[in-house]
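Take a look at the structure below.
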Amino acid sequence: MIVGFFFLALVVMMLLGVPVAYSLGIASAGYMLATGTSLAMIVQRMVSGANSFTMLAIPFFFMAGELMNISGVTDKIITMAKALVGHFKGGLAQVNIVASVFFAGVSGSATADTAALGSSLIPAMVKEGYDLDFAAAITVASSCMGPIIPPSITLVLYGILSGADVGSLLIAGIVPGLLIALTQMIYTHFYAVKMDYPSYPKATPKEMGKALTSGFSALMMPIIIIGGTMTGVFTPTESAAIAVLYGIIIGFFIYRNISVGQFYESLKKVGVASMNNMFILAAASCFSWVLTMSKAPDMLVDLMLGISDNKTVLLLLILALLTLIGFFMQASQALVVLTPILLPVATAIGIHPVHFGLIMVVTLTFGGCTPPVGSMLFVVNSITKMGFARLTKAMLPLYIPLIISILLVAFVPQLSLFLPYVVLGR
């Protein structure tokens, strides 16, 4: 009963807008006071939670993505995507999706993807005869790949919270991310045929080579991260640091379009964002300890197994819960709260921790394109000024390929576990 009361207090505080770290800390402190535990444990657990080498990957990934963004890689990514798929039916819409795949490998953020590509591609699509509703909706949907394809800050966060191998998680995100792109491209093809949207002439070998050469600098970012991790040359944290060095070289010495002032502003921006995440993770460590001491996860496992011992039924219940929570919380916030609670349930029904990480991240990212607090919806609405209700209505058909992708990732574990097993043997 004490655990339930303080978990309810945590949810209420977060819904009222209390910062996640403070909500976790207050709920943890309340439980400790109620059970007579020394509050000194809060400090000990927060320091222990923040003292992690893996956690350094978060600011490095933030900085690497920021450097590539201000280096002007967006136009090069769009040009490369146009050469590859522009001749497909609904060419520019297909470019939007493929460009998101490439951009995900640079930024690792759904909102960064939405803002960078949406500001360029939505006006261009409308100019070429696409209706605004579809142009905005496909931009939101395609940005869901941002937190899944490496470098993924969200997967690193899950790895820290769960203790799962971060390298395996990053590699595991490749196939689910490409699956999301494929389902959206199939949907876009049939919709483009129905609406008779235009396509571009197929790129000549010369044009293809020029586009790939131009976009090679952007492709090198995920190659460094994935290649270093897959070969065992770097840890994920070391590969993130090298990606930052690569971003500095690209911006200052190859493109020469980053000034010292921009670099300093990026450092401040990344510093603030990183410290926010570090503080949340430190508070989450304290909250996880409280959950462990209270045996709340064990009680939840018994409760859910009491409802059904069928793995399919329980996985559907978990997906429903994640989807519901995703409507009201950002993916990173929901991960912090739900990972220590749901992971024991997943483990009890035989779901691999790496597979469960992909289930959580893919499903919670879906919440970013749903009302009432979908961050990608707000970004696109600020670009288009089309109104939140109209944008939400435009998104409804695009939810179909996203839901199909979620179900495939959840019920076909090989999609997530195949690459880590082949490459890393785990």
Side-chain angles (χ1 to χ4, degrees), residues 6-7 10-11 13-14 18-29 31-32 39-66 108-111 147 150-170 173 235-241 244 269-293 296-297 322 325-326 329-344 353-354 356-358 360-361 364-365 368 375:
F6 285 106
F7 186 76
L10 169 66
V11 173
M13 283 188 288
M14 294 179 71
V18 178
V20 178
Y22 290 113
S23 299
L24 291 167
I26 292 170
S28 301
Y31 175 84
M32 291 179 183
L39 292 180
M41 285 302 302
I42 294 179
V43 178
Q44 293 179 23
R45 297 311 307 174
M46 290 184 73
V47 171
S48 175
N51 185 22
S52 167
F53 178 71
T54 304
M55 197 180 291
L56 287 174
I58 294 177
F60 281 131
F61 278 142
F62 270 131
M63 191 64 193
E66 181 69 16
S109 166
T111 51
S152 168
I153 297 167
T154 316
L155 285 174
V156 173
L157 179 62
Y158 170 82
I160 295 169
L161 293 166
S162 66
D165 182 68
V166 173
S168 297
L169 285 165
L170 292 175
T235 66
T237 302
E238 291 166 346
S239 66
V244 171
K269 179 180 176 181
V270 169
V272 171
S274 300
M275 289 307 102
N276 284 339
N277 278 276
M278 296 283 189
F279 188 28
I280 291 171
L281 284 171
S285 176
C286 182
F287 182 68
S288 297
W289 182 84
V290 166
L291 288 176
T292 302
M293 292 299 102
L322 291 172
I325 296 297
M329 295 174 65
Q330 294 183 4
S332 58
Q333 298 174 348
L335 272 177
V336 168
V337 176
L338 296 177
T339 298
I341 298 173
L342 294 180
L343 183 59
V354 171
F356 190 63
L358 269 297
M360 289 195 74
V361 171
L364 291 172
T365 300
S375 56

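For reference, positions follow the sequence shown, starting with 1. Note that the structure is a prediction, hence the values are computed from the model and not measured. Computed over heavy atoms, backbone and side chain alike; hydrogens, waters and symmetry mates excluded.
Under the side-chain contact (heavy atoms from CB on, under 4.5 Å) criterion, A334 pairs with I325, M329, L338, L364, not counting sequence neighbours. Scored by the side-chain contact (heavy atoms from CB on, under 4.5 Å) test, V47 finds V43 as partners (sequence neighbours excluded). Residues meeting the side chain to side chain donor-acceptor pair (under 3.5 Å) test with S332, sequence neighbours left out: none. Remark: S375 pairs with T111 by the side-chain contact (heavy atoms from CB on, under 4.5 Å) rule, at least two apart or across chains.
Atom CE of M32 is separated from atom CE of M41 by 6.0 Å, given to the nearest 0.5 angstrom. Once rounded to the nearest 0.5 Å, the distance linking CG of L291 with OG1 of T339 reads 11.0 Å.
A side-chain donor-acceptor contact under 3.5 Å links S28 to the backbone of L24.
The nearest pair of heavy atoms linking A240 to F60 is CB-CB, 3.5 Å. L335 and P340 get closest at one heavy-atom pair: O-CD, 4.2 Å. Across all their heavy atoms, P236 and F61 have their closest contact at O-CZ, 4.2 Å.
Looking at T235 and F53, their side chains come closer than 4.5 Å, going by heavy atoms from C-beta outward. Counting only heavy atoms from C-beta outward, the side chains of V354 and D165 never approach each other to under 4.5 Å.
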Do any side-chain atoms of residues 275-288 form donor-acceptor pairs under 3.5 angstrom with protein atoms, and if so which ones, sequence neighbours left out?
| residue | atom | partner | partner atom | Å |
| --- | --- | --- | --- | --- |
| N276 | ND2 | V272 | O | 3.4 |
| N277 | ND2 | A273 | O | 2.8 |
| S285 | OG | R45 | O | 3.1 |
| S288 | OG | A284 | O | 2.9 |

Quick one: side chains of residues 151-163, donor-acceptor pairs under 3.5 Å with protein atoms, not counting sequence neighbours, listed by atom name and distance.
| residue | atom | partner | partner atom | Å |
| --- | --- | --- | --- | --- |
| S152 | OG | P147 | O | 2.3 |
| S152 | OG | L155 | N | 3.0 |
| Y158 | OH | P353 | O | 2.7 |
| S162 | OG | Y158 | O | 2.8 |
| S162 | OG | A164 | N | 3.1 |

Check step by step if side-chain contact (heavy atoms from CB on, under 4.5 Å) holds for L342 and L322.
CA-CA 10 Å; L342 294 180; L322 291 172; 3.9 Å; yes
